[in-house]
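A quick write-up on the structure given underneath.
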Amino acid sequence: MIEIAKAYDPKEAESSHYERWERSGFFAPEINGDPNATKYSIVIPPPNVTGSLHMGHALQHTLMDVLIRRKRMQGFRTLWLPGTDHAGISVQRKVVEQLRKDDNKSPLEVGREEFVRRAWRWKEDYGNTIVEQMRREGASVDWSRHRFTMDASLSRAVREVFCTLYEEGWIYRGLRIVNWCPKDKTVLSDLEVKEESRKDGKLVYLQYPVKGSDRRVTVATTRPETMLGDTAVAVNPKDERYADLVGQIIKLPLTGREIPIIADEYVDAEFGTGAVKVTPAHDPNDYQIGQRHDLEQLLIMNDDATMSAAAGADFEGLDRFKAREKVIEQFEALGLLEKIDDYEISLPTCERCKTIVEPILSEQWFVKMDEMRDLALGLMRTEGVPHFSPQVPHEKVYTTWLENLKDWTISRQLWWGHQIPAWYDADGEVYVARTLEAACGQAGTIDLTQDGDVLDTWFSAALWAFSTFGWNGEVTETDDLDTFCPTDVLVTGRDIIFLWVSRMMMTTKKFVGKTAFEDVIVTGTVLGKDGKPMSKSRGNGVDPIDLFDKFGVDATRVYLASIATGADIRWNDALIETYRNFANKIWNATRFCLMNSEGARVDHSSLGSEFLLQQGTPPEGGTPSIADKWIVSRLNRTAIDVNKALDKYFFHEAVSLLYHFFWDDFCDWYIELVKDEISDHGDADPGSKTAARTRILTILEIALRMLHPFMPYLTEELWQKLPGTSNELHHAAYGSADASIMLASFPPGDARAIDERAESEMQSVIDVISKVRNIRAEMQIKPSDRLSIHVAASADANRVFAENEAQILKLARADKLVLGDKLDVPKASAKAVTNVAEIAVPLEGLIDFEKEIARLEGQLVKLETEQQRLNGQLSNANFVDRAPAEKVQDIRDRVAEIGTQVSALRLNLEALK
RNA sequence: GCCGACUUAGCUCAGUGGUAGAGCACUCGCUUCACACGCGAUAGGUCACAAGUUCAAGUCUUGUAGUCGGCACCA
């Protein structure tokens with residue numbers, strides 16, 4: 001007898017196994033000893049080094065680990081490659097903060113070199129938080145292949161890709177209106193700018209005097225301060241109201257400048273006043289107009305969004321919003337402020353710091369996306385990759401986005417990141433090269449200055465699907481690249497489909513000629529209790545680490561896997577408790593089997609061959625019962641369905657199948673049915689007792705394997721305790737490794753072991769027990785009162801009941817089972833019907849006739865409602881003619897079944913009245 | 001403005017044209033020798049609304065309402 005603790009303590013199981021798995025090299029593909037094994041690989045979306053584990057990570061990591069652990073158990077050569085992202089802006093900000101706090105210095109004071117040195121130190125000190133947290137999650141990543149986006153080789157890859165794209169004309173430097181974050185003091189790509197809609201916006205109407213006339217032209221703006229940079233007023237060429245003014249000159253107030261009135265098709269005569277102020281240096285549309293009309297581009301702001309000298313002495317140095325107020329005041333003082341309307345507006349904000357982004361004219365580096373877009377679109381259109389799960393809506397959104405793709409701003413005014421491999425000579429001529437030496441060679445001088453900007457963090461992330469395997473431009477062939485690239489599936493959130501997924505598809509195709517991955521699983525968002533995305537500022541977040549502490553890692557993982565793929569879910573403690581309870585249930589079921597395991601051990605031959613109960617060869621120690629055949633059938637059915645579900649990435653379906661198999665079939669029925677057979681209190685003979693114990697241990701062991709990818713700690717803890725587990729149960733690829741459930745083969749299920757007859761026979765037994773229990777509950781029979789059960793059924797059915805007499809008596813708490821083809825019971829009996837049997841329980845002195853009548857009538861109403869509905873269908877000639885014959889027959893069968901039951905119930909009711 | 005998703009039990013959510021499901025909560029009963037993180041038995045539904053297609057619609061189509069998301073525009 002093996003005794004284990006009365007309740008599952010997750011901490012104990014979590015304390016040791018991970019360390020052993022990692023130390024034993026179980027996570028590395030090299031553990032697989034089969035040279036012909038098929039590979040299965042996943043690269044992790046590299047978390048930011050500034051990050052700590054949040055619910056999104058926990059969700060994604062769980063799914064990836066489930067996929068990897070199952071494939072590993074199936075004998076694939078698996079690699080889940082971990083890593084971290086250098087997170088340019090985030091780290092930069094942390095280091096700036098640290099500098100100010102520790103040394104009260106600005107980055108400029110310490111200089112670039114020192115700043116970058118400190119950033120590396122910051123990364124070493126704090127950048128591993130998330131890596132450690134991943135160990136707690138049980139993530140079976142190969143730590144020996146951990147990558148960081150600024151590792152030497154990955155940095156080399158970045159430089160190589162940049163130079164190649166530049167040489168091919170797909171990277172260029174140019175003057176464009178870009179998104180400027182005045183707080184981070186860097187440019188941002190369109191994807192890093194989020195629109196925030198504001199209801200308290202104002203639309204300000206300003207009057208501009210026309211030179212040599214007393215006419216005024218009214219323009220409207222939400223950013224009045226930009227008028228200081230106006231270099232024209234534009235109207236539609238067809239707009240008759242202004243036809244005579246085109247070509248005339250505006251005396252621009254507050255500046256003394258004179259600007260032309262021009263005609264441009266862009267202007268919508270119907271909108272507003274029909275006249276538009278044109279600020280080419282501060283608005284993308286105005287920039288276009290400026291280009292067409294050769295207008296001056298007047299930049300009136302500094303990089304911190306204060307007004308520059310070009311804004312005029314009155315405004316220089318003022319913050320943009322102060323300047324806005326001042327412009328309005330001055331227009332009012334001049335009598336040129338027409339009105340201010342309330343206006344709903346959406347403001348571009350910096351994704352990270354929420355500062356309002358300023359559109360500003362600036363010289364930056366861009367990737368021209370034409371070729372890249374065509375690569376990605378080509379893959380989607382010809383091969384349908386990546387295949388998104390769920391497909392709707394992501395495939396369409398992805399495709400539409402690609403079709404409308406604009407150039408990608410890749411330079412960032414930061415120091416932390418991959419410095420752009422471009423150098424300038426004294427004349428400002430640019431030389432792009434892989435090394436300084438090469439640049440010098442091109443320039444014919446050593447007097448070069450490197451571009452101070454770094455690349456967008458997503459630029460290096462875009463290479464992640466192959467740079468992590470050793471590709472760096474110089475090295476273009478490695479074993480890992482050959483073996484693991486392309487990867488099989490990517491698991492990520494929908495927020496980075498454009499930022500990351502699309503770009504990996506593009507660069508991987510271009511630089512290694514492969515499809516980065518065919519499948520993309522897009523996870524949903526775990527929302528707070530308030531139904532909004534979890535965030536620090538909202539304070540509605542739930543920390544996965546707290547959940548691990550409170551409910552256990554395994555419970556948290558199963559819960560996360562139980563969410564439908566891609567669906568958002570509102571956080572709810574009750575749900576995770578469900579799986580905490582499930583873990584405890586598994587623990588206790590195992591505990592019970594262990595308490596009754598003497599003389600027995602896990603032995604797959606006990607079920608016939610592996611996973612298969614063979615009918616012809618009764619295993620040693622007795623013929624399996626109907627219950628045994630039934631549980632083996634259910635087990636195999638579950639295994640088959642779980643595999644199907646996981647192949648489709650329906651994690652939630654797999655969880656539900658496992659949950660109900662384990663709890664309902666295995667615990668509620670199988671354990672109860674065989675309890676007497678295996679327990680010390682039972683009177684089974686020793687041989688059949690051992691055989692029964694062996695069977696249940698073996699079934700349990702297979703169930704634990706199926707649960708392992710979801711609940712690695714609990715299943716390993718229990719598996720190690722089962723007698724008879726050893727590395728002999730491993731998949732052949734891991735034969736000699738130390739025994740672990742994570743290397744045991746994943747049950748495929750065997751269709752030949754599905755026994756429809758055993759399932760329906762067992763169901764008839766379950767139905768009888770349930771009906772009697774129902775009578776007990778409804779008639780309020782005390783648990784201690786033993787009943788007699790009378791059953792009228794066919795000879796076949798009665799044979800099954802007779803075989804399970806002991807079980808029926810025990811589970812229905814009865815002491816007598818009378819089988820026959822007719823009921824012969826006193827009037828004072830409670831009755832019930834099942835699909836195959838009529839049941840009666842004599843209750844002399846205990847029965848409440850009114851209650852029994854009500855109970856039977858209740859059952860009758862249910863059956864008659866169904867009967868009516870089905871008869872309605874059958875009397876519809878169209879249905880009988882057009883529906884598949886099989887369906888029609890199903891309904892006829894069911895109607896016949898109901899008919900029998902209804903008449904039995906009616907007779908019973910009559911007898912009571 | 002364009003595109004899309006969602007609306008199912010009190011709550012959180014599954015649901016694949018063919019008998020509406022789960023967990024939790026609720027009600028009743030249970031110290032039944034694995035588990036009260038448990039066991040047994042109930043109850044609870046106009047599948048947002050309307051029309052259509054179909055023998056048959058929670059499921060497909062269209063429209064309406066509400067909620068949310070993406071993109072674009074924003075003088």
Side-chain angles (χ1 to χ4, degrees), chain A residues 4 6-8 195 197 201 203-205 218-223 233-234 266-268 271-279 283 285-286 343-348 390 392-394 396-397 400-401 404 494-495 497-498 525 529 531-532 551 555 562-564 566-575 577-596 652-653 656 659-660 667-668 671-672 675 679-681 770 773-778 780-784 810-811 813 858 865-866 869-870 873 876-884 886-888 890-891 894:
Chain A
I4 63 173
K6 208 174 165 184
Y8 175 49
E195 299 292 328
S197 84
L203 187 61
V204 179
Y205 290 77
T218 303
V219 296
T221 178
T222 55
R223 293 187 292 152
V233 167
Y266 165 77
V267 180
D268 179 359
F271 191 94
T273 63
V276 181
K277 60 189 277 306
V278 182
T279 323
D283 181 281
N285 293 307
D286 293 6
Y343 193 68
E344 199 175 320
I345 190 174
S346 66
L347 291 173
V392 178
H394 300 112
K396 189 174 172 188
V397 171
T400 309
W401 179 78
N404 300 298
R494 49 174 167 251
D495 51 334
I497 290 176
F498 303 151
T525 312
K529 284 187 175 130
K532 304 223 167 91
F551 301 103
S562 77
I563 301 167
D568 288 350
I569 191 166
R570 196 183 285 223
W571 181 257
N572 186 341
D573 273 347
L575 289 164
E577 277 179 36
T578 299
Y579 294 104
R580 190 264 318 259
N581 297 350
F582 183 44
N584 193 54
K585 187 74 179 176
I586 296 167
W587 176 270
N588 274 290
T590 308
R591 176 168 183 259
F592 177 73
C593 292
L594 288 173
M595 288 168 76
N596 297 289
H652 63 293
E653 197 175 303
S656 163
Y659 182 92
H660 291 292
C667 293
D668 285 351
I671 289 183
E672 296 303 331
K675 215 168 217 176
S679 95
D680 284 328
H681 313 284
S770 297
R773 282 174 171 174
N774 174 260
I775 289 168
R776 295 196 73 106
E778 300 275 327
Q780 291 168 318
I781 313 286
K782 277 186 285 187
S784 53
K810 179 180 161 80
L811 298 182
R813 306 183 74 77
T865 312
E866 192 184 344
R869 188 170 47 75
L870 296 180
Q873 267 186 299
N876 179 344
N878 278 326
F879 171 71
V880 179
D881 291 348
R882 297 192 177 188
E886 200 184 332
K887 288 281 174 224
V888 178
D890 281 354
I891 288 181
R894 178 66 187 148

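- Put simply, CD1 on A:I671 is 10 Å from C1' on B:C35, counting in whole angstrom units.
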_Derivation of the salt bridge (Lys or Arg N to Asp or Glu O under 4.0 Å) call for A:R494 and A:D568_ = CA-CA 11 Å; A:R494 49 174 167 251; A:D568 288 350; 2.4 Å; yes
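- Comparing the same atom, C1', in B:U59 and in B:U53 gives a spacing of 13 Å after rounding to whole Å.
- Between A:Q873 and A:L870, some side-chain heavy-atom pair lies under the 4.5 Å cut-off.
- Rounded to whole Å, the C1' atom of B:G4 lies 28 Å from the corresponding atom of B:A22.
- Note: CD1 (A:I586) to C1' (B:C37) measures 12 Å, nearest angstrom.
- In this model, a side-chain donor or acceptor of A:S346 finds a partner on the base of B:C74 within 3.5 Å.
- Taking only side-chain nitrogens and oxygens, A:N774 comes nearer than 4.0 Å to OP1 or OP2 of B:U42.
- A distance of about 15 Å separates the P atoms of B:C13 and B:G69, rounded to the whole Å.
- Of the nucleotides present, B:G70 is the one that pairs with B:C2 by Watson-Crick or G-U wobble criteria, both distances under 3.5 Å.
- For B:A5 and B:A9, the C1' atoms lie 23 Å apart once the distance is rounded to whole Å.
- Here A:D283 lies in heavy-atom contact (under 4.0 Å) with sugar-phosphate atoms only.
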Readout for nucleotides 12-31 of chain B: B = base within 4.0 Å of protein heavy atom, S = sugar-phosphate only, - = neither; 5' to 3' it is SSSSB-BB--SSS-----S-
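- You'll find that the side chain of A:K675 is closest to B:A34, out of B:A75, B:G4, B:A34.
- Classification of the A:Y579-A:Y659 ring pair by plane angle, with boundaries at 30° and 60°, yields perpendicular.
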What verdict does the side chain to side chain contact (heavy atoms under 4.5 Å, CB included) test give for A:V219 and A:V233, after you've listed the backbone C-alpha separation in whole Å, the side-chain angles of each residue and the deciding distance to 0.1 Å?
CA-CA 8 Å; A:V219 296; A:V233 167; 4.2 Å; yes
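- Distance noted for atom C1' between B:C33 and B:G38: 14 Å (whole Å).
- The cationic group of A:K675 lies under 6.0 Å from the six-membered ring centre of A:F592 and within 45° of the ring axis, placing it in a cation-pi geometry.
- A donor-acceptor pair under 3.5 Å is absent between the side-chain atoms of A:S346 and the main chain of A:E195, judged by distance alone.
- In this structure, A:C667 reaches the bases: a heavy-atom distance under 4.0 Å links it to at least one base atom across the strands shown.
- When the nucleotides B:C37, B:A75, B:A34 are ranked by their closest atom to the side chain of A:D268, B:A75 comes out on top.
- Annotation: side chain of A:M595 is not in contact with side chain of A:D680 (no heavy-atom distance under 4.5 Å).
- Look at the P atom in both B:U7 and B:U12: the space between them is 13 Å, to the nearest Å.
- What separates CD of A:E195 from P of B:C74 is a distance of 10 Å, to the nearest Å.
- The nucleotide B:A9 finds no pairing partner, because no Watson-Crick or G-U wobble arrangement with both distances shorter than 3.5 Å includes it.
- Under the Watson-Crick or G-U wobble criterion, with both distances below 3.5 Å, B:A56 is left unpaired in every strand shown.
- The partner of B:G63 is B:C49, judged by Watson-Crick or G-U wobble contacts that both fall below 3.5 Å.
- Classification of A:D283 and A:K277 as a salt-bridged pair fails, no side-chain N sitting under 4.0 Å from a carboxylate O.
- Here A:R580 lies in heavy-atom contact (under 4.0 Å) with a base.
- Within the nucleic acid shown, A:T400 has no heavy atom closer than 4.0 Å to any nucleic acid atom.
- B:C6 and B:U54 are spaced 26 Å apart, taking the C1' atom of each and rounding to whole Å.
- Between A:V204 and A:Y343 the shortest side-chain heavy-atom distance does not fall below 4.5 Å.
- One atom, CZ of A:F592, and another, P of B:G38, lie 18 Å apart when rounded to the nearest Å.
- Nearest-nucleotide assignment on RNA chain B puts the 5′-proximal partner with A:V397, out of A:Y343 and A:V397.
- A sub-4.0 Å separation between OP1 or OP2 of B:C37 and a side-chain N or O of A:K585 is absent.
- B:G66 and B:C49 have their C1' atoms separated by 11 Å, given to the nearest Å.
- When the P atom of B:G40 is taken as reference, atom CD1 of A:I775 falls 17 Å away, rounded to whole Å.
- If you check B:C39 for Watson-Crick or wobble pairing at under 3.5 angstrom, you find it paired to B:G29.
- Within the nucleic acid shown, A:D573 has no heavy atom closer than 4.0 Å to any nucleic acid atom.
- For A:K6 and B:C35, the shortest distance from a side-chain N or O to OP1 or OP2 is below 4.0 Å.
- A:R813 has its CZ atom 15 Å from the P atom of B:C39, to the nearest Å.
- In this structure, OH of A:Y8 is placed 19 Å from C1' of B:G38, rounded to the nearest angstrom.
- Residue A:P393 places its side chain closer to B:G4 than to any other of B:A34, B:C35, B:G4.
- Using a 4.0 Å heavy-atom criterion, one finds that A:V278 contacts no nucleic acid atom at all.
- If you find the closest nucleotide of RNA chain B to A:A589 and to A:N878, the one lying nearer the 5' end belongs to A:A589.
- For the pair A:V276 and A:F271, the minimum side-chain heavy-atom distance is 4.5 Å or more.
- To the nearest angstrom, P of B:A36 lies 14 Å from CH2 of A:W587.
- Side-chain atoms of A:N588 lie closest to B:C35 of the nucleotides B:C35, B:A75, B:A41.
- If you check every strand for non-hydrogen atoms under 4.0 Å, A:K396 touches sugar and phosphate atoms only.
- Proximity of A:S656 to A:H652: side-chain heavy atoms (C-beta onward) are nowhere separated by under 4.5 Å.
- In this structure, A:E886 reaches neither bases nor backbone, as no heavy-atom distance under 4.0 Å exists between it and the strands shown.
- Under 4.0 angstrom from either OP1 or OP2 of B:C74 there lies at least one side-chain N or O belonging to A:N285.
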